[in-house]
Amino acid sequence: MYNPKSTIATEFISDSEIRATMEYARENRGNRALVESVLEKARAFKGLTHREAALLLECDDHEIVERIYSLANEIKHHFYGNRIVMFAPLYLSNYCVNGCVYCPYHAKNRSIRRKRLTQDEIRAEVMALQDMGHKRLALEAGEHPTMNPIEYILESIKTIYSIKHRNGAIRRVNVNIAATTVENYRRLRDAGIGTYILFQETYNKENYEALHPTGPKSDYAYHTEAMDRAMQGGIDDVGIGVLFGLETYRYDFIGMLMHAEHLEATYGVGPHTISVPRLCKADDVDTADFENAVPDDIFYRIVAIIRIAVPYTGMIISTRESAASRERLLELGISQISGGSRTSVGGYVTEETPDDSSAQFDIADHRSLDEVVGWLLDLDHIPSFCTACYREGRTGDRFMTLLKNGQISNCCLPNALITLKEYLRDYASPDTRVKGEAMIKRLLSDVPNERVRAKAADYLSKIDNGERDFRF
Ligand code: SAM
């Protein structure tokens with residue numbers, strides 16, 4: 001039985017509701033009046049239900065698709081301006097006891113090089129990341145009760161926050177580790193994490209069980225209910241996602257929106273972010289073995305309609321996508337991207353050879369962070385290294401309320417400019433610095449509140465004089 005407020009996985013992700021929604025969307029895709037009414041509702045910038053979003057996804061009429069794209073772009077600008085938040089993944093350990101068939105960490109893979117960073121190695125990785133200019137990380141690890149227990153993750157977070165190398169600092173550590181207990185989520189919260197991220201991989205229970213044949217992750221209910229436990233453990237900001245390519249995109253698109261609806265209905269706040277990874281080639285993983293690959297045009301529609309359906313949620317794209325695909329996706333609603341990423345364990349310090357690698361998957365965007373920042377500036381996006389919200393206690397529903405009523409823009413734009421300025425002073429190439437300074441000069445006058453604008457100008461000149469870490 002479908003019940004968005006239930007905390008039982010098969011009730012808030014109801015297989016029969018997903019199938020009924022797919023049927024509804026197929027039957028009504030030619031109903032122009034209905035499609036127009038959904039687009040009209042979307043224009044209020046208050047989101048759509050999973051049924052309405054599924055209907056839009058079925059529309060392949062060129063004119064409708066173009067309207068969806070332009071609305072997604074408008075919504076993105078309304079809530080996020082042209083700011084793009086920057087981050088990098090940090091892989092701690094690829095030891096794993098699970099059997100996920102699409103992931104090279106799977107326990108039976110004998111060809112991947114297994115590695116777990118020591119605290120000293122973490123220090124070296126973090127210094128390398130700080131020297132690139134990163135301020136925000138996403139921690140990644142396989143699931144292994146003895147090699148990567150929660151104590152190891154907690155100790156690593158403490159190490160990361162403690163490192164102040166030159167002007168560098170990691171100010172927000174997001175964590176992408178396996179589903180765990182309420183008690184462990186509480187410990188992660190107490191360690192000061194930003195967002196807890198966990199991808200569902202697929203919402204289709206039967207397929208999920210086939211793709212996760214062994215290990216703790218094979219328990220569909222435990223995995224699907226993880227965000228409920230995280231919320232119960234006091235983590236305000238959670239990030240969801242599916243791995244597109246494992247299941248038919250229609251099923252997972254609807255399932256993911258139902259998950260967002262469940263969190264909103266049950267805890268009063270939806271997901272902080274949604275990630276949209278697509279399956280990549282990896283050691284011992286051949287994408288040709290998976291028949292649900294999502295083509296680019298459908299993928300762009302998925303991203304645009306998620307933007308319309310959950311307007312307040314940040315959307316993340318990683319270096320799994322090429323520069324060309326990322327450029328398109330930025331126009332359709334993406335608000336966070338990674339740059340200069342390595343998916344190998346220890347990869348920021350040590351180059352690996354392709355045939356002796358600890359990497360999780362092959363990335364498609366190999367540019368350095370400076371190249372990505374310069375490219376964003378050329379495209380008139382503001383690369384932002386801001387981490388202020390959660391450091392100022394603006395998390396969960398407090399953040400969402402400010403975002404929904406537009407007040408957040410008084411913080412976000414000046415914070416983006418201030419953190420971009422820090423980046424330009426400390427890490428940028430001369431060319432990027434010139435472009436960035438010009439953008440700051442041009443956009444400072446867009447800060448709506450006069451008092452905030454004056455203060456931001458003061459902070460920017462203090463950064464020029466060597467001071468750091470200002471925020472609104
Ligand atoms: N071990 C943690 C868990 O069980 O959720 C998460 C960490 S894992 C390093 C992060 C994500 O990488 C997974 O959730 C999965 O979606 C993604 N991933 C695994 N194999 C992949 C592949 N071949 N291509 C792209 N992404 C992949």
Side-chain angles (χ1 to χ4, degrees), residues 87-107 109 111-112 114-117 137-145 147-150 152-153 156 174-180 184-185 188 195-203 207-208 211-212 214-220 222-227 229-230 238-247 252 256 273-290 292-294 299 316-322 325 338 341-345 347 357-365:
F87 76 98
L90 173 57
Y91 283 80
L92 293 180
S93 167
N94 61 8
Y95 284 92
C96 195
V97 292
N98 287 311
C100 318
V101 301
Y102 52 86
C103 179
Y105 288 8
H106 70 80
N109 186 358
S111 56
I112 193 168
R114 300 284 172 179
K115 190 160 169 46
R116 178 188 70 162
L117 298 179
L137 299 183
L139 286 197
E140 309 280 341
E143 179 169 16
H144 199 296
M147 291 304 284
N148 335 317
I150 191 74
Y152 168 74
I153 304 290
S156 304
N174 297 333
V175 174
N176 181 1
I177 59 163
T180 186
N184 285 345
Y185 286 123
L188 285 168
T195 312
Y196 171 66
I197 299 167
L198 182 70
F199 300 157
Q200 177 63 28
E201 321 300 6
T202 176
Y203 285 94
N207 192 12
Y208 181 96
L211 290 162
H212 304 91
T214 54
K217 194 166 170 177
S218 61
D219 185 338
Y220 176 83
Y222 191 74
H223 190 81
T224 311
E225 292 160 9
M227 293 314 188
R229 292 193 301 280
V238 299
I240 63 174
V242 292
L243 185 53
F244 281 105
L246 296 180
E247 168 57 62
D252 276 340
M256 186 154 68
T273 54
I274 289 183
S275 298
V276 285
R278 280 196 283 186
L279 186 70
C280 301
K281 185 184 168 308
D283 183 75
D284 206 36
V285 177
D286 186 349
T287 48
D289 293 341
F290 298 81
N292 291 311
V294 183
F299 189 57
I316 304 179
I317 200 88
S318 72
T319 53
R320 291 175 181 89
E321 296 295 325
S322 67
S325 151
S338 47
S341 304
R342 297 279 187 282
T343 61
S344 49
V345 180
S357 173
S358 64
Q360 198 192 15
F361 49 80
D362 293 354
I363 61 174
D365 185 347

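Remember, it's 1-based here, ligands and their atoms both numbered in the order they're listed. Sequence positions, counted from 1, serve as the residue numbers for this chain.
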Q: Counting from 1, what ligand 1 atoms have a heavy atom of R320 closer than 4.0 Å?
A: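 Every atom of ligand 1 under 4.0 Å from some heavy atom of R320: 12 (O), 17 (C), 25 (C), 26 (N).
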Q: Tell me, please, which residues at least two apart from E201 pass salt bridge (charged side-chain N to carboxylate O under 4.0 Å, His left out).
A: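 E201 satisfies salt bridge (charged side-chain N to carboxylate O under 4.0 Å, His left out) with K217 only.
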Q: Decide whether S111 and D284 meet the rule of one side-chain donor and one side-chain acceptor closer than 3.5 Å.
A: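 The criterion, which ignores hydrogens and geometry beyond distance, is not satisfied for D284 and S111.
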Q: Report the relative orientation of the aromatic rings in F361 and Y91; use parallel for angles under 30°, tilted for 30 to 60°, perpendicular for over 60°.
A: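 Perpendicular: the ring planes of F361 and Y91 meet at over 60°.
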Q: Below 4.0 Å, non-hydrogen atoms only: which portion of N176 touches ligand 1? Side chain, backbone, both or neither.
A: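 For N176, backbone and side-chain atoms both sit under 4.0 Å from ligand 1.
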Q: Using a 4.0 Å cut-off to any heavy atom of L198, which atoms of ligand 1 qualify?
A: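 So the atoms of ligand 1 that pass are 5 (O).
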Q: Tell me the protein heavy atom at minimum distance from atom 18 (N) of ligand 1, and give that distance in Å.
A: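 The protein heavy atom lying closest is Q360 NE2, 3.7 Å.
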Q: Please report the shortest heavy-atom distance between S322 and A364, naming the atom on each side.
A: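 Looking at all heavy atoms of both residues, the shortest contact is N-CB, 3.6 Å.
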Q: Please state which protein non-hydrogen atom is closest to atom 11 (C) of ligand 1 and give its distance, to 0.1 Å?
A: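 Going atom by atom, the protein heavy atom closest to atom 11 (C) of ligand 1 ends up being F199 CD1, 3.8 Å.
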Q: Any idea which part of C280 is under 4.0 Å from ligand 1, heavy-atom wise: side chain, backbone, both or neither?
A: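 Looking at C280 and ligand 1, atoms from backbone and side chain both fall under 4.0 Å.
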Q: Which option out of A141, G245, C103 puts a heavy atom nearest to atom 7 (C) of ligand 1?
A: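 Considering heavy atoms of A141, G245, C103, the nearest to atom 7 (C) of ligand 1 sits in A141.
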Q: Do Y105 and H144 touch side chain to side chain, with heavy atoms closer than 4.5 Å?
A: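 Side-chain contact under 4.5 Å: no.
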Q: Under 3.5 Å between any N/O of E201 and any N/O of ligand 1: does that happen in this structure?
A: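 Yes, at least one N or O pair falls under 3.5 Å.
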Q: Check ligand 1 against Y102 and write out every atom of the ligand that is under 4.0 Å from a heavy-atom position of the residue.
A: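 Atoms satisfying the 4.0 Å criterion: 19 (C), 20 (N), 21 (C), 22 (C), 23 (N).
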Q: Checking side-chain contact (heavy atoms from CB on, under 4.5 Å) between Q200 and each of H223, E247, M256, which is the one that passes?
A: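 The option that passes is H223.
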Q: For R278, take its heavy atoms, then give the atoms of ligand 1 lying under 4.0 Å from any of them.
A: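 Listed by number with element: 25 (C).
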Q: Check N98 against ligand 1 and report side chain, backbone, both or neither, counting heavy atoms closer than 4.0 Å.
A: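 None of N98 does.
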Q: Cut-off 3.5 Å, side chains only: do N176 and E140 have a donor facing an acceptor?
A: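 Distance-only check passes for N176 and E140.
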Q: Using heavy atoms and a threshold below 4.0 Å, how should the contact between K217 and ligand 1 be classified: side chain, backbone, both, or neither?
A: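 Near ligand 1, K217 shows its side chain, while the N, CA, C and O stay back.
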Q: My understanding is that only residues two or more places apart in sequence, or in another chain, count here; which of them pass salt bridge (charged side-chain N to carboxylate O under 4.0 Å, His left out) with R278?
A: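 R278 satisfies salt bridge (charged side-chain N to carboxylate O under 4.0 Å, His left out) with D296, E321 once adjacent residues are dropped.
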